[in-house]
Amino acid sequence: MSKNWYAIVRMDEGTRKRKGNFEMKMRVVCAGILILAAVLFGVLWFRYFVSVPLVISPETTDLTAPLSQDGRRVDYLAHIRTLDPPEMKTDRNAARILVRQLGTPGADLPLCPETSPQEYEAQKYALLGLTQTEPEIPSALGEYCSVSMLLEKELEKETDSKKREDLEKRIRRVEFLEDAEAVFLEREFLKEWVQKNSPALDAAAKAIRESDLCVFPLLAEQNANGDLLAVNPMLSMMRDLALDFVLRASWRAAMGDHDGALEDHETLFRYAQLIQKTARTYTELFVALSIETAARCLTLAPDPGAMPTKEDWLRFAESGRTPISETQLKERVRAIFSGVEYWTVLSGWQSAANGHFQFGSKEILPILKRWGWDWNEVVRQYREDHRKLLQDDRFWNLEKWAAPVSILNVSPWDFLCMSRAERSRCLGHCSWSADITLYFYRHAETVRKFQQLGVAFQLYRLEHDGKLPPAFTRNAEGKPLHSWRVLLLPYLGETELFEKLRLDEPWDSEWNRQFHDQCPAVFQLSGMLGETELSWKELAPGETNCTVFIGEKTLFPTDGSAVDPVQLANAEPARRVPQMILAAERIRPVGWMVPDAELTAESLASPDSEFHPIAAQNTNGGVIRCGRGVFFSGAVGEFQPTLDPKQNARFTEGGPDPMMMDETENFEE
């Protein structure tokens with residue numbers, strides 16, 4: 001019995017020993033797995049979510065001094081200040097004179113919370129060599145108040161929601177002057193404002209005409225750590241002043257004062273040219289191009305009963321005849337890209353590297369905060385791209401440039417497959433805006449060509465008993481011979497080409513075929529969008545994307561007859577002739593001499609219309625279609641056709657505009 005008990009005890013001890021060894025091994029394995037998981041987690045965390053700090057060195061910046069007190073940040077603002085031209089503080093500078101005469105109306109407030117508006121204003125004056133205590137504002141000018149400021153003050157005082165809504169509609173109507181009737185609807189308001197502020201605008205116009213440059217001070221917006229977040233070139237003042245000249249010119253034209261309207265028109269072109277000449281940031285260049293575009297969009301004939309003379313139309317066309325060329329634009333952009341813009345972007349990366357993520361678009365900000373970056377690699381990539389693009393013709397077509405995919409299109413899973421260095425280099429490619437500048441320029445070019453066409457139509461009308469050219473000419477049998485584009489050639493500086501054509505022969509006769517590829521540039525609009533928003537389709541030499549809309553009640557009847565719009569307006573006062581389309585942009589190009597390829601008025605209501613659709617977001621987030629064109633009033637602008645032919649009638653037949661009708665009126669009736 002004792003032996004059996006001993007054997008059992010020995011067996012239990014062995015089992016316990018083996019079990020203890022197994023448990024020990026399991027503990028070791030589990031501890032190893034936990035350690036391995038912790039190490040792996042640490043490696044992954046460090047690789048994907050921990051950023052490598054920016055080290056200021058010759059590898060990450062071309063400027064290593066002046067440094068901030070901790071020696072880790074470069075004071076880029078101090079360097080940018082050294083780039084200020086000495087002429088900024090002379091009276092050759094229109095910006096200096098305008099600030100001295102008008103103050104700085106509508107200027108933006110700084111982002112820096114510890115800077116008071118008074119200190120910010122004092123900085124503007126000091127940078128221009130002026131003092132606020134002696135602004136030298138002539139007493140005759142009184143207190144200048146831009147239209148934007150005036151309307152915003154009215155909006156701030158209004159508490160009733162319905163009245164606020166009506167006032168907001170009025171503000172949009174005044175600021176954008178969407179059509180010729182907007183001037184008449186607001187003529188009483190504009191009259192009072194013009195009378196009060198014309199002395200100030202006259203002084204501003206004199207300063208713009210007599211100056212030979214317009215350099216605005218670069219106003220830094222900084223946070224408490226001294227990082228330069230942005231450069232503010234007094235954009236509010238530039239835009240407000242330009243808008244005021246646009247408004248006064250429109251009001252003068254509506255009142256029949258064509259000389260006054262043309263003076264403001266010429267002032268706007270001069271203002272845009274001065275800013276283009278000395279722009280030091282892309283934003284200034286955008287504003288200059290937008291001012292030039294606004295000048296070309298002005299209406300000169302909102303009232304058919306007070307039409308301008310031939311001399312007025314020629315002066316209207318002459319004032320903007322010498323726009324900045326694409327070559328000059330590229331030179332200006334390269335100077336900006338290698339100057340202030342370069343240092344501002346470097347400062348922005350420095351700001352982001354220090355945890356201040358105000359730098360960057362709202363799409364990039366979440367990516368910056370979510371992942372870890374090697375900020376040294378980001379900056380090195382940006383500097384490398386900067387140098388390559390300045391020497392590469394592909395600088396102007398980044399879509400064809402052999403760069404990594406945009407960081408905005410990278411999925412989180414793809415990020416996991418990237419090393420931190422690869423991800424950072426991808427981020428370094430996101431600092432370009434030169435292609436956006438070219439987009440603005442080509443839009444301005446389209447508007448310029450539309451303006452040329454609008455003037456040509458009016459000059460033709462004045463020499464043909466008030467009638468516009470027909471959509472096409474016909475032979476005795478009624479067969480179309482030549483397009484309206486051929487008839488406009490003498491009024492577009494193409495008399496030599498016009499005289500070579502045989503108008504009594506069809507457009508595709510053996511003789512006339514030799515001119516099929518000689519399409520004048522004015523008929524090839526610059527706004528042909530490609531597969532993406534910033535790419536452009538090139539037209540073949542003989543193609544045009546310019547059209548008129550034909551229809552029984554349009555300015556271009558389907559039978560090829562000619563219309564006198566002024567006579568039409570007198571016979572049917574309810575028709576809004578000034579807002580009827582003369583020419584518009586289409587999607588699919590056609591031969592410029594083809595006489596029977598114009599779009600019909602009904603095609604505007606088709607979802608697959610061939611007119612140029614510009615995608616735009618409406619208030620509900622849906623996409624609406626916008627077309628660009630020139631109207632009989634001489635205004636160039638966008639129009640929004642709908643799927644309802646009756647609403648589209650305001651663009652082609654002079655029907656009522658439902659946007660301008662009283663809410664009690666029934667459009668269907």
Side-chain angles (χ1 to χ4, degrees), residues 1-61 67-74 223-227 348-384 403-431:
M1 183 72 179
S2 62
K3 288 183 178 180
N4 289 338
W5 178 83
Y6 180 75
I8 292 172
V9 171
R10 289 286 303 268
M11 185 181 301
D12 289 344
E13 287 179 354
T15 301
R16 283 196 300 270
K17 188 175 181 180
R18 286 194 300 272
K19 185 177 180 180
N21 290 338
F22 176 76
E23 288 177 351
M24 180 63 70
K25 289 179 181 177
M26 288 301 297
R27 288 191 189 100
V28 171
V29 170
C30 289
I33 291 174
L34 289 174
I35 292 172
L36 183 62
V39 171
L40 182 61
F41 177 80
V43 170
L44 292 175
W45 180 264
F46 177 78
R47 175 174 176 175
Y48 294 110
F49 303 104
V50 176
S51 294
V52 177
L54 180 65
V55 177
I56 300 300
S57 70
E59 293 184 359
T60 57
T61 179
L67 296 175
S68 62
Q69 290 182 355
D70 61 4
R72 295 182 57 195
R73 296 183 179 90
V74 175
N223 61 18
N225 294 292
D227 295 308
W349 287 134
Q350 177 179 258
S351 178
N354 285 291
H356 310 126
F357 293 109
Q358 293 91 337
F359 175 77
S361 67
K362 62 182 179 181
E363 293 87 0
I364 293 181
L365 287 180
I367 300 174
L368 291 177
K369 295 179 179 180
R370 189 178 302 130
W371 298 90
W373 308 94
D374 183 343
W375 292 107
N376 301 286
E377 201 62 45
V378 171
V379 175
R380 277 194 290 266
Q381 186 63 61
Y382 167 69
R383 294 173 69 218
E384 180 183 342
V405 66
S406 169
I407 198 167
L408 295 175
N409 299 325
V410 179
S411 68
W413 175 252
D414 290 331
F415 267 137
L416 288 173
C417 299
M418 282 181 165
S419 69
R420 181 168 47 201
E422 291 173 332
R423 190 166 61 245
S424 300
R425 283 192 291 271
C426 189
L427 179 62
H429 286 288
C430 296
S431 306

#### Entry: Rounded distance (nearest 0.5 Å) linking atom CD of E384 with atom CD of E377
9.0 Å
### Summary
Minimal heavy-atom distance between I56 and R73, with the atoms involved, is CG1-N, 4.2 Å
### Smallest separation among heavy atoms of E59 and R383, with atom names
O-NH1, 2.6 Å
### Query
Would you say S424's side chain and W373's backbone share a donor-acceptor pair under 3.5 angstrom?
no
### Of L54, V379, T60, the residue whose pairing with Q350 passes side-chain contact (heavy atoms from CB on, under 4.5 Å)
L54
### Message
In the structure I gave you, are the side-chain heavy atoms of W375 and L427 within less than 4.5 Å of one another anywhere?
### Response
yes
## Note on the structure
Scanning both residues in full, the closest heavy-atom pair of G372 with S51 reads CA-OG, 3.4 Å
### Side-chain (R380) to main-chain (G428) donor-acceptor, under 3.5 angstrom
no
### Message
Taking side chain to side chain donor-acceptor pair (under 3.5 Å) as the definition, give me every residue that meets it alongside T61, ordered by chain and number, with sequence neighbours left out.
### Response
Y76
### Message
So does P53 get a backbone contact from the side chain of N376, meaning a donor-acceptor N/O pair under 3.5 Å?
### Response
yes
